[in-house]
Amino acid sequence: QHTATWWKDATVYQVYPASFKDSDGDGWGDIPGIISKVDYLKELGVDVVWLSPMFDSPQDDMGYDISDYEAVYPKYGTVEDIDVLVKACHDRGMKLILDLVVNHTSIEHKWFKESSSSKDNPKRDWYFWRPPRYDEKGNRLPPTNYRSYFADSAWTWDETTQEYYLHLYAASQPDLNWENEETRNAIYDSAMRFWLDRGVDGFRVDTVNKYSKHVDFRDAPIVDPSNFIQPATHLYCNGPRIHEFLREMHDKVLSNYDVFTVGELSLTPDPIHVLEYVSASEKQLDMVFQFDMIHLGMGHGLEDKYDPTEWKLSEMKQIIAKWQKFIEGTDGWTTAFCENHDNGRAISRFGSDEPEFWQASAKLLAIFMITLTGTLFLYQGQEIGMINMPSEWPIEEYKDIEAINYYSEAERLSKTTDPTRKERIMRGLQKLARDHARLPMQWDCSPNAGFTTGIPWMRTHDRYNKINVEVEEKDPNSVLSFWKQLLALRKDYRDLFIYGIFDLVDPENEDTFMYTKLSSNGQMALVALNFSKDPKPFTGVDRCKKMKLLVSNCKNWESETLQPFEGRVYLNF
Ligand code: TEU
């Protein structure tokens, strides 16, 4: 049985600073805007706020390209504003965690400016610099054939010092060299202690398994002969020293504070390897996000991420079971989430955002999330049922570097090797793009949904009149009211929902998603979810004869048919 701690019981709410609340009318969200909504979050049942990067940044990757860890992006506010936000949370018994983005800095960071100034600069080795290669015709080539996450090569040529530098992400996000102890110590001071000493309660750790690379930088195997660059994620994820680095980060920094960490752990499919990150005795991270559910519907491999695929309910069921059960009998911990700033809205992806199904989908996903074991993460707008931008919106409404790069790559390829690629990638972006999570938060029915009195940096959703906090706070049957009730219910039955043992029921059934949760005192819940637009037979009828209904998102919950997107939770006592 897992030892209870505050960060296991917590409901964490992710705030995306650019889109949450603008207090000064410049069209960008800001920290005073967030401070004005802390009571709203308290009311909702939020225990911890996770604030996505608000550090100074040129905003090439929306703040995940940091130019000064110890300063705040001026449009968001000041370091003192964060002090006020920390106090506002603490005064209400809530906590605040920040985003720790230390695989790379921005190209504008002073460390990189020094490192790139000359080959013998003392900070040259704080990043990865390598000489060019040349092909048989004398053309200059990057040191390896790696594809970056944002398309194109993971190396960029620097004319001044005649070498390439590595960037797994954008060319404006050079990777820090964690092999260098001096660099690591500077990260611990500047990106971590500076904020922990101001009362911040922990971190969401960005790209947590990429700090250790195979620094001999061998080429990746050729999987696409028509291209020079090749996917190489396996060569820079879970590298040889990753656990040493994370243990050092824990011992040197985190262990000195009462904080928690959640790591963003992509491309680590094996539970044994995940336990090496989250087992308490490993003294590295407290928990991690797993992405295989998030990847349902995405194309296979990095290059085809936005080439949409179909997925089956049985795949989702297997994935959820895997990450619910891998901590059983261990001192590890897990997370429950289905949305964040990097992905399409869950209703649009896993439910239906059509007007007739939107509300049932939203409530179905709420029932799903609050009944899962692990620390629960909610993404801003999920609690009111926000959905993807309308598919009629043109590509110009997509502001994210990832969408823009994949779309322009698709345009290029459509003219040469893959004529239908542009149309496929556009369809993929309409379902999966990170942009869908970044539309302005919808507060009320005033212009721009009350997010800003100015021109929002990103277009407000057309349906904000129906989907907003003010309208839904007044409606006892709204998505928001439902989430509030369910977050409280999760706490009332914490041994069952937060800590309980998960078991799939009828795993092969492609129609419904059923599972049980069992608490240490023998209390059992049966959860039945219909993830489709069609009524489905409820095969759990006899199991529920002696059980009582705890919650449902439909009126006629006694029927032997689950309505479209109907969810039910029964208890044995
Ligand atoms: O994302 C990590 C990352 O690799 C993403 O590309 C993610 O794996 C992908 O979208 C599939 O889910 C983090 C941040 O969350 C993201 O916003 C940043 O762009 C990226 O790191 C670079 O800092």
Side-chain angles (χ1 to χ4, degrees), residues 14-19 50-55 57-67 69 97-107 109 146-152 154 166-176 187 191 203-211 213 231-238 262-269 288-309 319 335 337-346 349 377 379-380 398-406 428-429 431-438:
Q14 181 189 359
V15 170
Y16 196 68
S19 308
W50 154 23
L51 179 55
S52 272
M54 76 306 153
F55 313 99
S57 159
Q59 301 296 335
D60 283 5
D61 184 15
M62 293 304 290
Y64 282 92
D65 52 318
I66 296 167
S67 54
Y69 289 107
I97 68 171
L98 299 183
D99 222 307
L100 183 63
V101 186
V102 290
N103 173 68
H104 47 270
T105 65
S106 162
I107 202 166
H109 196 290
Y146 298 174
R147 176 192 171 94
S148 86
Y149 273 97
F150 296 148
D152 301 330
L166 176 72
H167 52 84
L168 301 188
Y169 293 89
S172 60
Q173 294 172 290
D175 277 53
L176 284 160
I187 289 168
F203 294 104
R204 173 268 187 182
V205 189
D206 193 57
T207 63
V208 75
N209 57 347
K210 299 183 173 93
Y211 308 151
K213 281 100 169 159
T233 43
H234 56 291
L235 286 178
Y236 46 72
C237 282
N238 308 315
V262 50
E264 183 202 32
L265 190 75
S266 49
L267 298 154
T268 311
V288 293
F289 296 128
Q290 283 299 321
F291 290 92
D292 8 20
M293 175 183 159
I294 284 285
H295 289 156
L296 288 174
M298 290 183 184
H300 303 298
L302 200 56
E303 62 286 8
D304 290 333
K305 172 179 174 180
Y306 289 109
D307 195 348
T309 59
I319 288 167
T335 55
F337 78 106
C338 61
E339 284 199 25
N340 62 29
H341 66 292
D342 282 338
N343 289 285
R345 288 286 183 174
R349 295 184 64 190
F377 287 76
Y379 178 68
Q380 73 176 45
Y398 292 73
K399 308 295 183 195
D400 178 30
I401 185 167
E402 189 172 21
I404 292 165
N405 286 10
Y406 269 81
L429 290 172
K431 195 77 161 171
L432 304 164
R434 310 198 303 180
D435 301 78
H436 298 299
R438 304 173 180 191

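Just the heavy atoms: all of them, side chains too, but no hydrogens, waters or symmetry mates, feed the values below. In each ligand, atom 1 is the first atom listed, and ligand 1 is the first ligand listed.
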Ligand 1 atoms in contact with [X] (distance to a heavy atom under 4.0 Å):
X: His104; result: 22 (C), 23 (O)
X: Arg204; result: 14 (C), 15 (O)
X: His341; result: 14 (C), 15 (O), 16 (C), 17 (O)
X: Tyr149; result: 4 (O), 6 (O)
X: Lys210; result: 4 (O)
X: Phe150; result: 19 (O)

Do Arg147 and Tyr406 meet the cation-pi criteria used here (NZ or CZ under 6.0 Å from the six-membered ring centre, within 45° of the axis)?
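Yes, a cation-pi geometry.
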Heavy-atom pair of closest approach, residues [X] and [Y]:
X: Val102; Y: Leu176; answer: O-CD1, 3.5 Å
X: Ile107; Y: Pro174; answer: N-CD, 3.6 Å
X: Glu339; Y: Arg345; answer: OE1-NH1, 2.8 Å

Please list the nearest protein heavy atom to [atom] with its residue and the distance rounded to 0.1 Å.
atom: atom 17 (O) of ligand 1; result: Asp342 OD1, 2.7 Å
atom: atom 19 (O) of ligand 1; result: Asp61 OD2, 2.6 Å
atom: atom 12 (O) of ligand 1; result: His295 NE2, 3.7 Å
atom: atom 7 (C) of ligand 1; result: Glu264 OE2, 4.1 Å

Nearest candidate to [atom], where distance is taken over non-hydrogen atoms, out of [options]:
atom: atom 10 (O) of ligand 1; options: Arg438, Arg434, Lys305; answer: Lys305
atom: atom 23 (O) of ligand 1; options: Ile66, Leu168, Asp206; answer: Asp206
atom: atom 4 (O) of ligand 1; options: Tyr169, Phe291, Tyr64; answer: Tyr169

Going by the side-chain contact (heavy atoms from CB on, under 4.5 Å) test, name the single residue among Glu402, Lys305, Lys210 that passes it with Tyr149.
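When Glu402, Lys305, Lys210 are each tested with Tyr149, the side-chain contact (heavy atoms from CB on, under 4.5 Å) holds only for Lys210.
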Aromatic rings Phe289 and Trp50: how do their planes relate, parallel, tilted or perpendicular, breaks at 30° and 60°?
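Phe289 vs Trp50 ring planes: parallel.
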Is it true that the side chains of Ser172 and Asp60 contain a donor and an acceptor less than 3.5 Å apart?
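Checked: Ser172/Asp60 side chains pair up, N/O donor to acceptor below 3.5 Å.
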Would you tell me whether Ser57 and Tyr64 have side-chain atoms, one donor and one acceptor, within less than 3.5 Å of each other?
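The answer is no; no qualifying pair exists.
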Gln14 and side-chain hydrogen bond (donor to acceptor under 3.5 Å, both in side chains): which single residue from Arg204, Gln380, His341 fits?
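Exactly one option meets the side-chain hydrogen bond (donor to acceptor under 3.5 Å, both in side chains) with Gln14, and it is His341.
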